[in-house]
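Working notes, beginning with the structure itself.
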Protein chains: 2
Amino acid sequence: MADPAMPPALAEALADTAAAIDATLDAVLPPVEGAEARLFDAMRYASIGGGKRMRAFLVVEGARQFGVARASALRVGAAVEMLHAYSLVHDDLPAMDDDDLRRGKPTVHKAFDEATAILAGDALQAAAFGTLAEEDTHSDSAVRAELVRCLARAAGARGMCGGQMIDMLAETAEQKLDEPTIGRLQLLKTGRLIEFSAEAGAILGKAPHALRHALAAYGRDLGAAFQIADDVLDATATTEALGKRAGKDADAGKATLVGLLGVERARAQAERLAEQAQRHLDSFGERADLLRALARYTVERKS
Amino acid sequence: MADPAMPPALAEALADTAAAIDATLDAVLPPVEGAEARLFDAMRYASIGGGKRMRAFLVVEGARQFGVARASALRVGAAVEMLHAYSLVHDDLPAMDDDDLRRGKPTVHKAFDEATAILAGDALQAAAFGTLAEEDTHSDSAVRAELVRCLARAAGARGMCGGQMIDMLAETAEQKLDEPTIGRLQLLKTGRLIEFSAEAGAILGKAPHALRHALAAYGRDLGAAFQIADDVLDATATTEALGKRAGKDADAGKATLVGLLGVERARAQAERLAEQAQRHLDSFGERADLLRALARYTVERKS
């Protein structure tokens, strides 16, 4: 987090959210005794104490636009981070991307074993939906049901899982994917969950339709910019700076815009998307400044 | 389904529910075009057209006690069956039970591949929660949120996933599990989801607490009886009659009550549990006769 590209106010707010999310996850996933303790250990290992928590930050900052109680936003943020963590655990499995390193430490199937990694991912997904549905998340059950409905869409076959399927098929395909197909792959694989994260604050705040729509559009463009910037970093940064193996996309023959357009044109496209994301916030006031700063940082970061 | 132990009225009702569940799943998981079509194909392969649909039948019959619209009950039944199907797909993976055959056809990772099986399971779980949260399931959002909350508990680390974790550990443990631990393993692994299935009808019908509690208790005892009967069948029936590999528990050194108590004592315990399950229905009238018949059949079936 000592990235010089990050403004101090954003760094501080991200660190605050990350600490609060870890505390929330610790409460939602308490350590247990008994034969299934290993499963909880793996779930906590996968979800607590790692990552920038960008998705949770989007929930918290989105919710703040509408004066939502911070405890509500943190529970939804924790749910999104559990969902995200499960997807990383499964993506890292030998049958998928086969990765040994994640956030600078051994992946779950390396630290535990493959069966435990599959089950920990499965249980994290259930915990994400369960957390959203519990009364502590919001007093209005219509809000809770809407959060579940939208997260399920973002996470399922027409969202994250569908994107990962396209990605797996691309690795073995004879022809390279074209630009629209790569765009769609990334929209599904990472974009939908980032979009949901931004939109969730508006759902929690029962925001007017236009503002909910604006936050979702911000999240969609931010997610696209983030993914391209991630691919650029994978192609240009070191493993040490990333905390995960660099250059693996090219090694795996992954379909990325960097591979198709080259680093410079991909970077320019990410910058355009980050500017577009900020324009969706025009009807929000100063209170959305951190969301604007996040969009700029997303394409300027070095790790 | 040509089991002579099954009363014709029960056979007919089960077949009716199974057909209606397949139609509901076909609507919830429509075939799609595009790069992710393979994922939908695998999800449909895993979930449509197989099994007795006992869990969905419990939802439908439970809901019928309270005059709930059949379309609502079928959507919840479809959600439970998707959740159950995902658990079978993941349990069959090479890193888990490593099974090639399920319901008489190749398992998903055999018919497709391992990555597709992992993703199809993940997406089926998301679809289960998404289906519960959609307005078509029930007009009252409090009912929808409660269904999600309870299914998440039944499916997660303190339910199905936790039970499967204990089961995986038991295979490599030096000591055999004792009777209480096996009971707890089976309560978590299969019991909680069957309990939820029975309870879901009462949630849909906003039933008085005592009746909801009675249906849940019926489901809990039925689930325990079902699991022991399943283990007895695994030890005594043929692969052909089961449509899945027989004798695999003993081969895998699985912790079952049959292994601990022997076939006869395990069978007697299943019968006691099935009787106990029926007694929980004492405050229900004739309308619960099919639920009573199911409890009896569970321990008398030959496949």
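The chains referred to below are lettered A, B, ... by the order of the sequence lines, with proteins before strands, and numbering in each begins at 1.
Between Glu36(B) atom CD and Ile166(A) atom CD1 the span is 4.5 Å, to the nearest 0.5 Å. Of the inter-residue distances, the one linking Met96(B) atom CE with Thr116(A) atom OG1 reads 8.5 Å to the nearest 0.5 angstrom. Note that CZ of Arg149(A) and OG1 of Thr137(B) are 11.5 Å apart. Values are rounded to the nearest 0.5 Å. Atom CD1 of residue Ile118(B) and atom CD of residue Gln164(A) lie 9.5 Å apart, to the nearest 0.5 angstrom.
Taking chain A as the reference chain and counting heavy-atom pairs below 4.5 Å, the highest number among Glu135(B), Arg158(B), Glu114(B) is found for Arg158(B). Among the candidates Met160(B), Glu146(B), Arg184(B), the residue making the largest number of heavy-atom pairs closer than 4.5 Å to chain A is Arg184(B). The greatest number of non-hydrogen atom pairs below 4.5 Å with chain A, out of Met168(B), Arg144(B), His90(B), is found for His90(B). The residue among Cys150(A), Ala120(A), Ala152(A) with the most heavy atom pairs within less than 4.5 Å of chain B is Ala152(A). Options Leu188(A), Leu119(A), Leu169(A), Leu185(A) differ in how many heavy-atom pairs under 4.5 Å they form with chain B, and the most are formed by Leu119(A). Of the listed residues (Ala145(B), Ala42(B), Ala117(B), Gly163(B)), the greatest number of heavy-atom pairs within a distance under 4.5 Å of chain A belongs to Ala145(B). Put simply, of Ala154(A), Ala157(A), Gly156(A), Ala35(A), the one with the most heavy-atom pairs under 4.5 Å next to chain B is Ala157(A).
Residue Val143(A): no heavy atom, backbone or side chain, is found under 4.5 Å from chain B. Contacts of Leu177(A) with chain B are absent, with no heavy-atom separation under 4.5 Å from either backbone or side chain. Within the 4.5 angstrom heavy-atom criterion, only side-chain atoms of Met43(A), from C-beta onward, approach chain B. For Leu83(B), no part lies near chain A; criterion is any non-hydrogen pair under 4.5 Å.
The nearest pair of heavy atoms linking Ala95(B) to Ala115(A) is O-CB, 3.4 Å.
Residues of residues 121-133 of chain A that come within less than 4.5 angstrom of chain B, heavy atom to heavy atom, are Asp122(A), Ala123(A), Gln125(A), Ala126(A), Phe129(A), Gly130(A), Ala133(A) in numerical order. Residues of residues 193-204 of chain B placed with any heavy atom under 4.5 Å of a heavy atom in chain A are absent; none qualify.
Between Phe40(A) and Met165(B) there is no side-chain heavy-atom pair separated by less than 4.5 Å.
Residues Arg153(A) and Glu134(B) are not paired through a salt bridge, judged by the lack of any N-O separation under 4.0 Å between the basic side chain and the carboxylate.
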